[in-house]
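Naming convention: chains lettered A, B, ... in sequence-line order (proteins, then strands); numbering from 1 in each chain.
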Amino acid sequence: MKKVMMGNHAISYGATLARVQVIAAYPITPQTQVVELLSEIVADQKLKAEFIKVESEHSAMAACIGASSAGARAFTATSAQGLALMHELLHWAAGARLPIVMANINRAMAPPWTIWTDQNDSLSQRDTGWMQIYCQSNQEVLDSVIMAYKVAEKVLMPVMIVLDAFSLSHTYESVDIPDQALVDKYLPAFDYKYKLDVKNPHTYGGLTTPDWYMEFRIKMHEAMEQALVEIKKEAPVFQKVFGRFYDTVDPYMVDDAETVLVTSGTAASTARFAVDQLRAEGKKVGNLRMRVLRPFPFADVRQQLKNAKKIIIVDRDISYGYHGIWAQEVKSALYGHSQVPVFNFIAGLGGRDIFPETYYNIIALVEKKDKPDQELYWVEVKK
Amino acid sequence: MKKVMMGNHAISYGATLARVQVIAAYPITPQTQVVELLSEIVADQKLKAEFIKVESEHSAMAACIGASSAGARAFTATSAQGLALMHELLHWAAGARLPIVMANINRAMAPPWTIWTDQNDSLSQRDTGWMQIYCQSNQEVLDSVIMAYKVAEKVLMPVMIVLDAFSLSHTYESVDIPDQALVDKYLPAFDYKYKLDVKNPHTYGGLTTPDWYMEFRIKMHEAMEQALVEIKKEAPVFQKVFGRFYDTVDPYMVDDAETVLVTSGTAASTARFAVDQLRAEGKKVGNLRMRVLRPFPFADVRQQLKNAKKIIIVDRDISYGYHGIWAQEVKSALYGHSQVPVFNFIAGLGGRDIFPETYYNIIALVEKKDKPDQELYWVEVKK
Amino acid sequence: MAKDRKKIDFKKMEELPPMVMSLRSMAANPTGSWRNLKPVIDLSQCIQCTICWKFCPDAAIDWIDGNPVINMDFCKGCGICAEECPKKCIEMIKEGK
Amino acid sequence: MAKDRKKIDFKKMEELPPMVMSLRSMAANPTGSWRNLKPVIDLSQCIQCTICWKFCPDAAIDWIDGNPVINMDFCKGCGICAEECPKKCIEMIKEGK
Amino acid sequence: MVEIRFHGRGGQGTVIAGKILADAVSKEDKYVQAFPQFGVERRGAPVFAFIRIDEKPIYIRSKIVLPQHVIVVDPSLIDAIDVTEGLKKGGFILINSSRHPDEFQNLGKDFRVFTVDANDIAIRHRLGSKAAPIVNTAILGAVPRIFDFVKLASIVQSVREGVPVNPDENAAAAQEAYDSVIGV
Amino acid sequence: MVEIRFHGRGGQGTVIAGKILADAVSKEDKYVQAFPQFGVERRGAPVFAFIRIDEKPIYIRSKIVLPQHVIVVDPSLIDAIDVTEGLKKGGFILINSSRHPDEFQNLGKDFRVFTVDANDIAIRHRLGSKAAPIVNTAILGAVPRIFDFVKLASIVQSVREGVPVNPDENAAAAQEAYDSVIGV
Amino acid sequence: MKPTLPLEELMSPGHLACQGCGAGIAMRTTLKALGQDTIFTFPACCWTVIDGPFPYSCLEVPLLHMAFEATAATASGIKAAMDTLGKGKTTICGWAGDGGTFDIGLQALSGAAERNDDIFYFCYDNEAYMNTGIQRSGATPYGAWTTTTPVKHFKKEVKKSIDDIVAAHKVPYQATASVAYPEDLYKKLIKAKDIRGFKFIHIIAPCPPGWKAKPEDTVKLARLAVQTGVFPVYEVESGKYLQTIKTAKRKPVLEYLKLQGRFKHLKEDDVTDVQKLVDLRYAELEKRFQGC
Amino acid sequence: MKPTLPLEELMSPGHLACQGCGAGIAMRTTLKALGQDTIFTFPACCWTVIDGPFPYSCLEVPLLHMAFEATAATASGIKAAMDTLGKGKTTICGWAGDGGTFDIGLQALSGAAERNDDIFYFCYDNEAYMNTGIQRSGATPYGAWTTTTPVKHFKKEVKKSIDDIVAAHKVPYQATASVAYPEDLYKKLIKAKDIRGFKFIHIIAPCPPGWKAKPEDTVKLARLAVQTGVFPVYEVESGKYLQTIKTAKRKPVLEYLKLQGRFKHLKEDDVTDVQKLVDLRYAELEKRFQGC
Ligand SMILES: Cc1ncc(C[n+]2csc(CCOP(=O)(O)OP(=O)(O)O)c2C)c(N)n1
Ligand SMILES: Cc1ncc(C[n+]2csc(CCOP(=O)(O)OP(=O)(O)O)c2C)c(N)n1
Ligand code: SF4
Ligand code: SF4
Ligand code: SF4
Ligand code: SF4
Ligand code: SF4
Ligand code: SF4
Ligand SMILES: [Mg+2]
Ligand SMILES: [Mg+2]
């Protein structure tokens, strides 16, 4: 069934179709509609789930951890400050190997107070052991929530579905809501082998000396490596059932492109639009949309970027005192595999819009240079 | 005056000499002695400061933010879970441009519960806008606390002083405690131009639309760039006053080394020992100790590693689903500047010890390879 | 802080302080444009009780020479003053549209 | 969970579960070695009141056939049993060193 | 691609109008995006909403700075702000007003003005109160009369499905608005 | 470089002993590191401490797995655990015991055993209680008698400075221990 | 007549509160009492927005915006700084909404109260998370609709008693107040300013959009809250309770409820339940007013 | 004589508590009452260590170790899961130290209490952060030494009344208990197991190293705490107070204090102050016992 809905509601429908069993969430702009719709759905008993209206995001994640440990499919959604407040428990959920799924609406970090989009909030969780999937459309949001549980429950690692504030969360567009029956077939019920079980009592997460700690952390990393395999495997399976294909990266006109824009989120969507315009002008430009940040798709990124003559990474984020985070991720992955000049542009922080013109300007600037002459370039700044 | 002391007390003395004015802290193994000694020093009125015994690390950082905003030199110390619990407020302190100094004792993240060292806790704060300085001796810890305030107050960004649990925090060694008079000369009183002032009232951190948010974030990054300049400038100044020299990186026998170990923390100290042994065997090995993570010392790293034939980065941390964090940082920085094969080893998580033999084994393995044949190598694992 | 009513118009990044701080009062923001109903005081009935003045959430009533004077630049037209006036001498009338 | 007293000795990583979980009881850890004083019950005085049993923080007193029996593998020698015994028929004696 | 900007006031349902229009358009198998002004909405304060319509998938996701057309839900805004800001030459301006389009000549002659008395229609169909009528469905009825990217039937159906209460009254209001646009 | 391991029980001040020894050594302008077993210490449970001494700066910071010498603060540990684990051939074992070194032949003949009755000394100097004497300063007094990396005078001074109470008694205990080592 | 409050305004017009915002009245009155030698810190809440965007502010005293859960700890930090800097006389205030007080900021509040830090903690209570669009908080009363307690599933838990929670900390001064009684609030603050230690002020501040009420009814509602006993107004000084606005004959709660859309769905039985809850709580408080 | 408690042990020996640990007695007794159909979650606390390292545990019921500040929310999450999974009968318990309850875990506790989630929350109270080496917590009593309240600057704030804080939430059941009276604790738990909603159990559990007391004095101290009125033992069921261990003639607090090194520095005057504080609090509680 097709329905015009905002990105936030696409999350709620995704979670409902995935038959989540415990929801624990706390309001924050721009996430509130996710929670509001879910509380209605649960109140109307259209979804058999417990909704815990916790007193903070920290407790939201704690409740998800408790619920998931007890064998329930757990869900939450948040944004920026809320995500940051969960930080300790993000490490926790991953270390405990719990297949929790969370939606995060990208919003810039305070101070100053802001409610507008950029990716610093989720990207600065890149070392917590969560998978991260960046979406560019409401359809992808809904689909990704469902797929996320599939992968998470296979490898026992949590997943964050990430989308831009307003330009996705509050944007209405048509979304195909798949049949519940199809989803049920695709995503079996959660059957957790390691649940808290009075019939088979175990203690989880206890003190672990240097004798064994490291091996458990290796297992976490191996689970991430396995997750990459699973994501690649799920792509055609999902397509077969639902007709839509999602890979780790989303290349557009990359094969013969001399210059490749590496982008993510809604900025990637706009970049695709810009590529069409630039191609029309005869410019050999392509766009590589980064969809999965963790597990990092090394092979795909290296493969897709191997023909480029110039690579431009546009970050809607920055690691202060370094470069843009996507730039760091991609450059490090390319080290030893590529010699192509990589240009890093920082754009659109705190909700500053990224227009097609933004890309035209970037391309124009890069055309004039053989290789980067600055560590990074700020875009459309009031200098 | 020389005194045998544990690393934790070196922090306390450093803070005392820096005449911190407000301390807010919460206990956590292995940090507790920092706080215990400071509460005695304050109770004995050897330091004119307010000590707020807060009810969580979150509140510790909040109190520091309040105190620093009001114009006081603020200090705290923590570790692992405590640091993670502060995460939202780490972003906050940086965004508010407050020159807070914090010591973090590196301890591995839970679950499973552990109290032993690795660097995942602090490294996973790399995107919060804090400077980070990794120490290898108690002397360096004490000195770095003092120097940190100098740099922080110049550029208005917070600093984290980082040291390993137990192998520094609880290790007793001789430390020179500089004269208070010298320190006072080196580090002037904190005079904060942007303090909360009833005579000159301003509101700080208010809602900021996309019109201007980005420019403030650029200023943060520029402050980090300036911090790099200041750290380089302070090194000789500090040396002149106190006789000890600290740079962004600490190269040992790197110039003519064919293989350079890139390390940090106490593992770097042991690496230096190992280099001596390996040199004695005629192996051209060097060690580059990474001291400053943020602001990242691009120029120094590129310069120091430019003669190497092979680079080995030993991480006591990992970004699950990627590589070791130091490896990612260094490789990305070298991209476009170097073609030397870089090998990434992960060792010593959760307190597993890193011995000289660990390095001998690493070197032996790397000697057999022209370039890495795995994304990363796990060291001394119970396979 | 400057009580100036003018909007601040930065031209360049360098004009900004290092962190976000206020440089002028919100009096630069005439919220009168939000109003759909407009309070009108019939001063002849008024007993100068200051009730309307003390309850205005927008500090949009000035007390001038012992009388309430509504500042239409800011009054949002909530109607509290009219509702609370013991003499019912404030009327809310539709904004001329 | 197995009440086995044997220590678990993993040889390889593959033997580990994906996350840290307990696989055996702490009875594998004989804390008797911590003891510096050792409780000795004079059963002839004992009135089987169960007080020593119920207060032992280490569950180191078994109640066997109506009598308290101290499990020296685990007793840490805290002395609570001796202190609380209403008949004072438990003596704490120095471990033979 | 058609890009339209709505002008309204906080609390008037301007965003919902955009959403309902998007729904109607999508019923006709076109691609559509509707989104609000990104920010804090306060009752009474001027707000915007946007809609983008195309025959093919829409990838551009930046804001609309140079709209082709403008719909003004609250006529008092005409004096308060510049509703023609960025409006492309030849653009249409649909205004909720009892006045004749000619009375809006001050908006410049680069644009074509239409009016519909949505207030009156809404009040007559008892949508909202007399002091604060809910006009967004009424004004939507006028849209297919002026633009060809959507049919009245789709609008009426989407209005029925998209309002929380009184589907019949809202649908009737839309229909009536369709019939009473001035300036066509 | 000399590397020594201490064996004690939680609550006996084994770590403090290491610290005081480090202090004494550093007074003689040597380089020194002292550190505890890294972990949770419980009263009564066996614990370790370590010390590393050198003429030049010490960079190695890994644990000591193969110590040259061993100091046993609590004699009951001899039965509980293997105090010679990893001990290098020719290493010294200093034991707090009233017994003669010869009675410890079961520790193997690769090592040389010394004893000092630190319990007795501590009790006589009223350090701690009779049931739980505080022996760590007494045993430190024996160290310079056996090893040449530190002088008694430095030990005595560091003991004075390093104990929270009763500096005189502790110093006297150290002195007495020095004089009463058996096996030298 | 003479104004019952000082004429001086430390809050400028032009701020971004909705029409008829009770929180606006609360702040305006508070500033009149505290005066210029005052520093505020705000967590996330409606006042984050009301204050105005960069580079503006409607406050004429220093203000530090801060994270949602950190109000009390931040104020403690400011206070500690002022003390070491020899500016101990300045009044330091945390100012938070009900969500920031009852829920996410409770721990910091409790910590500061336990330490008896010398600060004011204000809670302006509009009984839900308003800034994010009306979600249930621990302060939302039984029976109310919010976007997360839909009418079919209206709030079933009673309002958390933050006043009793604070009272359990035995702070030197605490009080409730209503924006309908600004003189009462003013008097309390003038008195409390001179009390050393932790001071807690809880102000009921109706919110027209959040309560689905008419903007002009804000003061009326704040008055009815007191007159019906829904929100008794009193102070506690060193453990002694004093009701400062007496309500000998309480009005039925229905008078209060019926002006608010958030209670529209309540059936007669439900209203009776609300009345009972209010009676119970009032009886409990009356005992304390009588010193029992 | 017959044992006054069931013989079955759900806590194994071999755990890592210190000699004479009161928290060990508390858990042992609790497990006897709750039985096998029980799930626990622990935050960071001594029990994190006591339980034993991987791959061991001394509990024979499922246990989830969790972050320090998250106990109640985690328990709520487990409970919600059990409910949707049709296992609503299992008893879900949070088990935390005083630091994890009075301080860093208070907010989650308050949230769960406000929602009236059907869980047990246990606080074993050793009056400081013991697992990290004896630092002051909100539960540390007036006068006590800790490593962060050095003797020259001993704790000046009174112990936070967590019981009154919880009582302010009007939870269906709450009780205090002492490890010196295991039968009392047992009886309370057997009763509370059948009460739906939030249940709070606060157990005084002396800690020999932290209190600088002799290990054999643990039970004696827990008894004296009750007999002196330092820690009255009672329950509150739907608001009704009942003192379950009567202490008609209270012993002087000095008897309790003098067995503990942490109070050694107190001068006579200080002891009088402590006595006064205890008397005051006791009088307050007595009123409630008498139903006033
Ligand atoms: C950690 C965190 N979580 C959530 C938010 C989002 N948030 C901002 S204001 C607000 C509501 C505040 O409610 P309240 O404290 O009652 O104040 P009000 O808005 O009602 O005035 C919320 C949930 C945030 N800023 N930070
Ligand atoms: C966020 C966080 N801060 C600090 C710690 C360190 N920590 C672990 S246990 C503990 C003390 C717990 O005290 P309490 O709750 O009273 O339990 P007890 O140890 O006394 O049994 C502390 C401070 C932690 N694990 N996590
Ligand atoms: S209508 Fe409202 S805003 Fe306007 S003056 Fe009256 S009270 Fe103030
Ligand atoms: S409330 Fe009415 S009577 Fe009183 S001052 Fe205002 S206008 Fe005059
Ligand atoms: S001495 Fe302590 S541990 Fe041993 S049996 Fe008695 S009570 Fe139990
Ligand atoms: S306490 Fe004493 S009398 Fe009672 S059972 Fe134990 S040994 Fe026997
Ligand atoms: S939502 Fe309510 S509290 Fe917030 S500004 Fe508007 S009226 Fe005031
Ligand atoms: S420190 Fe105290 S509470 Fe912790 S295990 Fe030891 S005796 Fe028990
Ligand atoms: Mg509120
Ligand atoms: Mg405790």
(request) Over all heavy atoms of both residues, which pair between D/Trp34 and H/Cys18 is shortest? Give the atoms and the distance, please. (result) CZ3-CA, 4.5 Å
(message) Is there a side chain to side chain contact (heavy atoms under 4.5 Å, CB included) between D/Phe55 and H/Val179? Walk through the geometry before answering.
(response) CA-CA 8 Å; D/Phe55 282 130; H/Val179 296; 5.9 Å; no
(request) Go through the atoms of D/Cys75 and report whether side chain, backbone, both or neither lie under 4.5 Å from a heavy atom of chain H. (result) neither
(request) Could you tell me the separation between the OG atom of H/Ser12 and the CZ atom of D/Arg24, rounded to the nearest 0.5 Å? (result) 12.5 Å
(request) Return yes if some donor-acceptor pair links the side-chain N/O of H/Gln19 with the main-chain N/O of D/Lys76 below 3.5 Å, else return no. (result) yes
(message) So, taking the atom named OG in D/Ser25 and the one named CG in H/Leu10, what distance separates them when rounded to the nearest 0.5 Å?
(response) 11.5 Å
(request) Tell me, with the steps shown, if H/His65 and D/Val20 meet side chain to side chain contact (heavy atoms under 4.5 Å, CB included). (result) CA-CA 10 Å; H/His65 285 286; D/Val20 159; over 6 Å; no
(request) With rounding to the nearest 0.5 Å, note down the distance linking SG in D/Cys56 to CD in H/Glu9. (result) 9.0 Å
(request) Kindly indicate, with the supporting measurements, whether the criterion side chain to side chain contact (heavy atoms under 4.5 Å, CB included) is fulfilled by H/Glu216 and D/Glu84. (result) CA-CA 8 Å; H/Glu216 65 265 34; D/Glu84 295 300 320; over 6 Å; no
(message) Counting only non-hydrogen atoms closer than 4.5 Å, does H/Leu16 touch chain D with its backbone (N, CA, C, O), its side chain (CB onward), both, or neither?
(response) both
(message) Give me the atom names and distance for the closest heavy-atom approach of H/Pro13 to D/Asp58.
(response) CB-O, 3.1 Å
(message) Around atom NZ of H/Lys264, are there more than 12 heavy atoms from other residues, nucleotides or ligands closer than 6.0 Å?
(response) no
(request) Quick one: closest heavy-atom pair of H/Leu5 and D/Trp53, and the distance? (result) O-CH2, 3.5 Å
(request) Tell me, out of D/Gln48, D/Met92, D/Lys54, who's got the most heavy-atom pairs with chain H below 4.5 Å. (result) D/Lys54
(request) Give the minimum heavy-atom separation between H/Thr4 and D/Thr50, together with the two atoms involved. (result) N-OG1, 4.1 Å
(request) Can you establish whether the number of heavy atoms outside H/Lys87 located under 6.0 Å from its atom NZ is more than 12? (result) yes
(request) Any chance you could measure H/His15, atom NE2, to D/Thr31, atom OG1, to the nearest 0.5 Å? (result) 7.0 Å
(request) Can you tell which part of D/Leu16 gets under 4.5 Å to a heavy atom of chain H, answering side chain, backbone, both or neither? (result) side chain
(request) Please name the pair of heavy atoms, one in D/Ala59 and one in H/Met11, separated by the smallest distance, quoted to 0.1 Å. (result) CB-O, 3.9 Å
(message) So for atom NZ, which belongs to D/Lys7, do other residues, nucleotides or ligands contribute more than 12 heavy atoms lying within a distance under 6.0 Å?
(response) yes
(request) Please state whether the side chain, the backbone, both or neither of H/Pro6 comes within less than 4.5 Å of a heavy atom of chain D. (result) backbone
(message) Report which part of H/Lys220 has an atom under 4.5 Å of a heavy atom belonging to chain D: side chain, backbone, both, or neither.
(response) both
